[in-house]
Enquirer: 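Once you've had a glance at the structure underneath, I'll fire off some questions.
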Amino acid sequence: MDFNSKYEIEETSTFIITRNFTRVALQFPDEMLKDSMRVVRAMREEIRRARGGELEGERRVGLYVMADTTYGSCCVDEVGAAHVNADCVVHYGHTCFS
């Protein structure tokens, strides 16, 4: 599986754009953290591409990597997302939904 498919870059970018999110927290478990900056770069590029490559006047999307989970990698870090005032949390890896 290629990198963009593994992290669902196109699908996630479309989700962000269609809902007009401007502050998105990206949560990675420890074992996937090494890919986080590559995900951010790919997602920024995909968002730019999906918007026709326009930079002027485009609604900016802030992508924030969260890497310091309190309870465990499987728990969605809503508190951390609140600290960056995120509109949305994208959680990578296994989740327990608790």
Side-chain angles (χ1 to χ4, degrees):
M1 176 181 297
D2 75 335
F3 185 84
N4 285 5
S5 296
K6 176 180 179 180
Y7 287 99
E8 298 182 346
I9 300 297
E10 184 177 346
E11 296 87 346
T12 305
S13 298
T14 299
F15 180 82
I16 291 166
I17 292 167
T18 59
R19 286 158 180 83
N20 293 314
F21 293 133
T22 58
R23 299 178 68 85
V24 179
L26 304 174
Q27 183 179 347
F28 293 86
D30 292 344
E31 63 272 9
M32 298 173 97
L33 193 56
K34 67 185 182 313
D35 292 337
S36 64
M37 294 315 299
R38 189 171 168 199
V39 169
V40 168
R41 283 191 298 272
M43 201 167 294
R44 282 187 182 145
E45 182 57 36
E46 180 58 28
I47 289 169
R48 185 174 297 125
R49 187 202 61 74
R51 290 181 167 167
E54 295 180 21
L55 291 175
E56 291 300 317
E58 92 175 90
R59 191 167 179 187
R60 302 265 180 216
V61 176
L63 301 173
Y64 302 88
V65 174
M66 297 194 310
D68 58 346
T69 54
T70 303
Y71 301 106
S73 293
C74 66
C75 297
V76 176
D77 188 1
E78 296 170 4
V79 174
H83 287 174
V84 296
N85 201 26
D87 304 314
C88 170
V89 178
V90 177
H91 183 278
Y92 292 100
H94 169 76
T95 185
C96 60
F97 293 113
S98 63

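When reading the values below, keep in mind they use all heavy atoms of this one structure, side chains included, and skip hydrogens, waters and symmetry mates.
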Enquirer: Would you kindly confirm whether Val40 and Val61 end up in one hydrophobic cluster when ILVMFWY residues are joined by side chain heavy atoms under 4.5 Å apart?
Expert: yes

Enquirer: Shared ILVMFWY cluster between Met37 and Ile47, side chains joined below 4.5 angstrom?
Expert: yes

Enquirer: Could you state the interatomic distance from CZ (Arg60) to CZ (Arg44), rounded to the nearest 0.5 Å?
Expert: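 Reported value, rounded in 0.5 Å steps: 10.0 Å.
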
Enquirer: Relative to each other, are the rings of Phe15 and Phe21 parallel, tilted or perpendicular (30° and 60° limits)?
Expert: tilted

Enquirer: Do Arg48 and Glu45 have side-chain heavy atoms sitting under 4.5 Å apart?
Expert: yes

Enquirer: Examine Leu63 and Met32 and state if one hydrophobic cluster contains both, with Ile, Leu, Val, Met, Phe, Trp and Tyr joined whenever side-chain heavy atoms are less than 4.5 Å apart.
Expert: yes

Enquirer: For the residue pair Tyr7 and Met43, establish whether any side-chain heavy-atom pair is separated by less than 4.5 Å.
Expert: no

Enquirer: Working to the nearest 0.5 Å, report the span between CD of Glu31 and OH of Tyr92.
Expert: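 OH of Tyr92 is found 14.5 Å from CD of Glu31.
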
Enquirer: Do Ile9 and Tyr64 land in one hydrophobic cluster if side-chain heavy atoms of ILVMFWY residues count as linked below 4.5 Å?
Expert: no

Enquirer: Should Ile16 and Asp87 count as side-chain neighbours, where that means a heavy-atom distance under 4.5 Å?
Expert: no

Enquirer: Are any side-chain N or O atoms of Ser13 and backbone N or O atoms of Glu10, one a donor and one an acceptor, separated by less than 3.5 Å?
Expert: no

Enquirer: Supply the atom-to-atom distance Glu46 CD to Glu8 CD, rounded to the nearest 0.5 angstrom.
Expert: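 Going from the CD atom of Glu46 to the CD atom of Glu8 covers 12.5 Å.
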
Enquirer: Only one of Leu33, Asp77, Val90, Val65 forms a side-chain contact (heavy atoms from CB on, under 4.5 Å) with Gln27, so which one is it?
Expert: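 Result: among Leu33, Asp77, Val90, Val65, Asp77 is the only option passing the side-chain contact (heavy atoms from CB on, under 4.5 Å) with Gln27.
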
Enquirer: If you look at every heavy atom in Ala81 and Met66, which pair is closest and at what distance?
Expert: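 Taking every non-hydrogen atom into account, N-SD, 3.4 Å.
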
Enquirer: Without swapping roles, check the side chain of Asp35 against the backbone of Arg38 for a donor-acceptor pair under 3.5 Å.
Expert: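 Side chain of Asp35 to backbone of Arg38: no pair is present.
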
Enquirer: Flag the pair Phe28 / Val39 as yes when at least one side-chain heavy-atom distance between them is below 4.5 Å, and no otherwise.
Expert: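 Side-chain contact under 4.5 Å: yes.
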
